[in-house]
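Order of the sequence lines fixes the chain letters, A, B, ..., with proteins taken first and strands second; residue numbering starts at 1 for each chain. In what follows, every heavy atom counts, from backbone to side chain, and hydrogens, waters and symmetry copies are set aside.
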2 protein chains.
Amino acid sequence: MNTHMRHEADQSPPLESACRVCQLSPVRGQGSVDQAANRACVRNCETRSLAAGRTLVREGEPLHQLYVLCAGWAFYYKQLPDGRRQIAAFLLPGDTLMLEAAYFPSFPAPFSVKALSSIVVCGFAAADAMRLLQGSEARQQELYRARYQLMQSLHSRLFDLGRRTARGRLAQLVLELHERLGSRGMVHDDGSFDFPVRQEHLADALGLTAVYINRTLAQLRREGLMTIENGRLTVFDAPALRQVAQEE
Amino acid sequence: MNTHMRHEADQSPPLESACRVCQLSPVRGQGSVDQAANRACVRNCETRSLAAGRTLVREGEPLHQLYVLCAGWAFYYKQLPDGRRQIAAFLLPGDTLMLEAAYFPSFPAPFSVKALSSIVVCGFAAADAMRLLQGSEARQQELYRARYQLMQSLHSRLFDLGRRTARGRLAQLVLELHERLGSRGMVHDDGSFDFPVRQEHLADALGLTAVYINRTLAQLRREGLMTIENGRLTVFDAPALRQVAQEE
DNA sequence: CGTACAATTGAGTGAGTTCAAGTGGGGTGG
DNA sequence: CCACCCCACTTGAACTCACTCAATTGTACG
């Protein structure tokens with residue numbers, strides 16, 4: 001039992017720490033940073049804080065900004081007037097939001113972006129960010145990596161929806177998040193990490209219903225593979241989870 | 001590398017017409033073309049002809065070429081050792097293949113590419129193609145459009161698999177192909193177009209089985225919305241199809 | 001306490017799968 | 001010219017994974 005349980009919305013990450021994270025993203029560059037370019041970027045960057053559930057970008061709006069997600073989780077999604085929603089990707093702290101703004105500037109956004117937890121973002125004009133990126137070979141590489149990961153994740157999700165069972169999809173998604181967070185040092189030694197995702201979000205990401213997500217989650221929990229409790233996901237048996245992901 | 005021509009399968013589209021199509025693609029540019037750059041491009045382009053079912057790119061191979069699909073259809077897909085396959089996109093004559101090679105050069109391909117019908121492609125080193133594109137504002141715009149359409153199509157397919165019924169998915173896919181071919185003048189007045197796609201491909205693209213594709217197709221045919229006969233798809237009632245796509 | 005929202009559980013249903021058998025057309029060899 | 005084969009398509013019947021509807025529990029917060 002936990003004595004201190006607080007609602008996520010209460011603990012917005014502090015703004016002053018935002019640009020420290022921002023610094024680590026491909027857009028701002030890793031390692032040695034050109035100080036002049038960096039100052040220019042800070043001057044042009046607009047830091048915003050959004051509560052959980054708020055919409056950052058709406059499908060169809062022209063793209064001209066791109067963001068670094070400094071703190072919190074967000075997701076890309078498409079929604080129909082009748083309520084059907086499909087989540088295309090989860091974005092984690094340090095990820096770049098709307099990298100697409102650089103692929104095809106000023107086109108209408110092909111999806112919406114919403115804050116999953118409360119978030120802090122730094123916004124840049126796409127053109128500025130690209131100019132900054134031209135400067136450094138290392139940063140360019142880092143940008144390629146970010147694009148690549150996003151594209152890979154999209155194609156994996158597509159395979160999931162088309163060709164995997166509920167258990168397989170869930171295992172696959174959990175493993176992907178586990179890995180992405182792990183490479184940022186955001187996974188504890190016990191295999192657990194912060195997980196501000198509702199079962200409804202999982203359903204919308206995996207093309208299932210919340211009820212069935214619940215049943216599947218319960219099954220995986222009973223089998224001792226993983227659990228979700230108090231906004232925290234724990235992977236107990238990664239190899240077994242990997243096997244589920246592969247076989248189903 | 002020089003243009004090299006060879007003749008293979010009997011019914012391959014003629015090579016001499018290849019570069020006329022190639023000319024119409026974003027990579028080669030539309031309208032007025034810089035003649036010097038164009039000649040340079042022809043010098044550097046390698047034209048290849050592949051029979052139906054041959055693999056052009058294998059998942060995991062490093063990307064350094066990109067292709068213009070001059071004739072025939074191809075598709076992006078992922079396949080598991082156990083045989084499960086998911087088709088991510090169909091590529092039509094005039095489309096660019098592996099545009100990703102420019103997004104994140106030299107990364108391993110996140111999917112494979114296979115010829116659906118017999119095809120003719122022009123291959124370019126990604127770096128060369130990009131340099132060529134820098135030259136013209138119009139071509140740059142055309143490239144953005146191509147990227148955008150591909151990304152949009154991926155997100156739509158994702159929504160389809162997650163949130164639409166079999167009928168809805170089929171209607172959606174047919175309408176998308178109808179539109180893309182229409183804008184190239186490849187749809188006849190009677191609403192029909194060449195369709196070298198097997199029911200098995202439809203199944204792998206829409207996350208269904210070939211048997212169920214068959215049943216669903218039969219239903220749409222009975223309702224007088226569309227039909228597939230002798231490698232030719234005919235849309236009888238586009239508005240009704242649109243309604244199916246929207247509601248299911 | 002009362003409200004609100006997320007998670008949980010049960011029972012019945014249905015969309016899509018699996019297995020299996022049969023049809024039809026186009027190409028090939030005799 | 002026919003016989004045969006191959007492959008894609010078609011159809012039937014049984015099955016099952018995941019959905020729907022509906023009620024209940026748990027937790028946070030005013």
Side-chain angles (χ1 to χ4, degrees), chain A residues 1-11 51-53 82-86 116-118 160-171 173 195-222 226-234 244 247-248, chain B residues 9-11 51-53 82-86 116-117 160-171 173 195-222 226-233 244 247-248:
Chain A
M1 281 287 136
N2 212 330
T3 41
H4 300 298
M5 291 199 236
R6 298 164 62 185
H7 192 65
E8 283 129 7
D10 286 342
Q11 34 185 331
D82 63 23
R84 277 179 292 176
R85 180 171 75 172
Q86 178 62 40
L116 189 49
S117 60
S118 71
D160 287 359
L161 295 194
R163 290 294 177 229
R164 271 192 242 270
T165 65
R167 275 164 59 87
R169 292 179 211 183
L170 209 35
L173 177 60
F195 193 70
V197 183
R198 310 262 140 260
Q199 296 186 354
E200 191 191 335
H201 295 120
L202 289 175
D204 286 344
L206 301 180
L208 300 163
T209 59
V211 173
Y212 201 66
I213 288 286
N214 185 292
R215 292 190 219 275
T216 309
L217 237 24
Q219 197 187 353
L220 293 177
R221 192 188 317 126
R222 260 184 271 111
M226 55 163 290
T227 188
I228 300 178
E229 277 174 330
N230 305 324
R232 188 149 203 81
L233 192 157
T234 309
V244 169
E247 293 179 357
E248 304 182 25
Chain B
D10 296 338
Q11 36 197 1
D82 64 23
R84 278 180 292 176
R85 181 171 74 171
Q86 178 62 41
L116 188 51
S117 60
D160 286 0
L161 295 195
R163 292 293 179 228
R164 269 192 243 269
T165 64
R167 274 164 58 89
R169 293 179 210 183
L170 210 34
L173 177 60
F195 193 69
V197 182
R198 311 259 140 263
Q199 296 187 354
E200 190 192 335
H201 295 119
L202 289 175
D204 285 344
L206 301 180
L208 300 162
T209 58
V211 172
Y212 201 64
I213 288 287
N214 184 292
R215 292 189 221 277
T216 310
L217 237 27
Q219 197 187 354
L220 293 176
R221 191 187 318 126
R222 259 183 271 113
M226 54 164 290
T227 189
I228 301 178
E229 278 174 331
N230 307 324
R232 191 151 199 80
L233 192 157
V244 169
E247 292 179 359
E248 303 181 26

Among A:Arg198, A:Arg169, A:Gln199, A:His201, the one residue meeting side-chain contact (heavy atoms from CB on, under 4.5 Å) with A:Ile213: A:Gln199

Residues touching DNA chain D, which here means a heavy atom under 4.0 Å, drawn from residues 201-217 of chain A: A:Gly207, A:Leu208, A:Thr209, A:Val211, A:Tyr212, A:Arg215

Using whole Å, what does the distance between atom [atom2] of nucleotide [N] and atom [atom1] of [X] come to?
| X | N | atom1 | atom2 | answer |
| --- | --- | --- | --- | --- |
| A:Arg198 | C:dA7 | CZ | C1' | 10 Å |
| B:Asn230 | D:dC9 | CG | P | 11 Å |
| A:Leu170 | D:dA18 | CG | C1' | 14 Å |
| A:Glu248 | C:dT17 | CD | P | 17 Å |
| B:Gln219 | D:dT11 | CD | P | 13 Å |
| A:Arg164 | C:dG16 | CZ | P | 21 Å |

Upstream residue (5' side of DNA chain C) when A:Arg163 and A:Gln199 are each assigned their closest nucleotide: A:Gln199

Side-chain donor or acceptor of B:Asp82 paired with backbone N/O of B:Arg84 under 3.5 Å: yes

Under 3.5 Å donor-acceptor, B:Arg163 side chain and A:Arg85 backbone: yes

Sugar-phosphate only, base, or nothing, as touched by A:Arg221 at under 4.0 Å among non-hydrogen atoms: sugar-phosphate

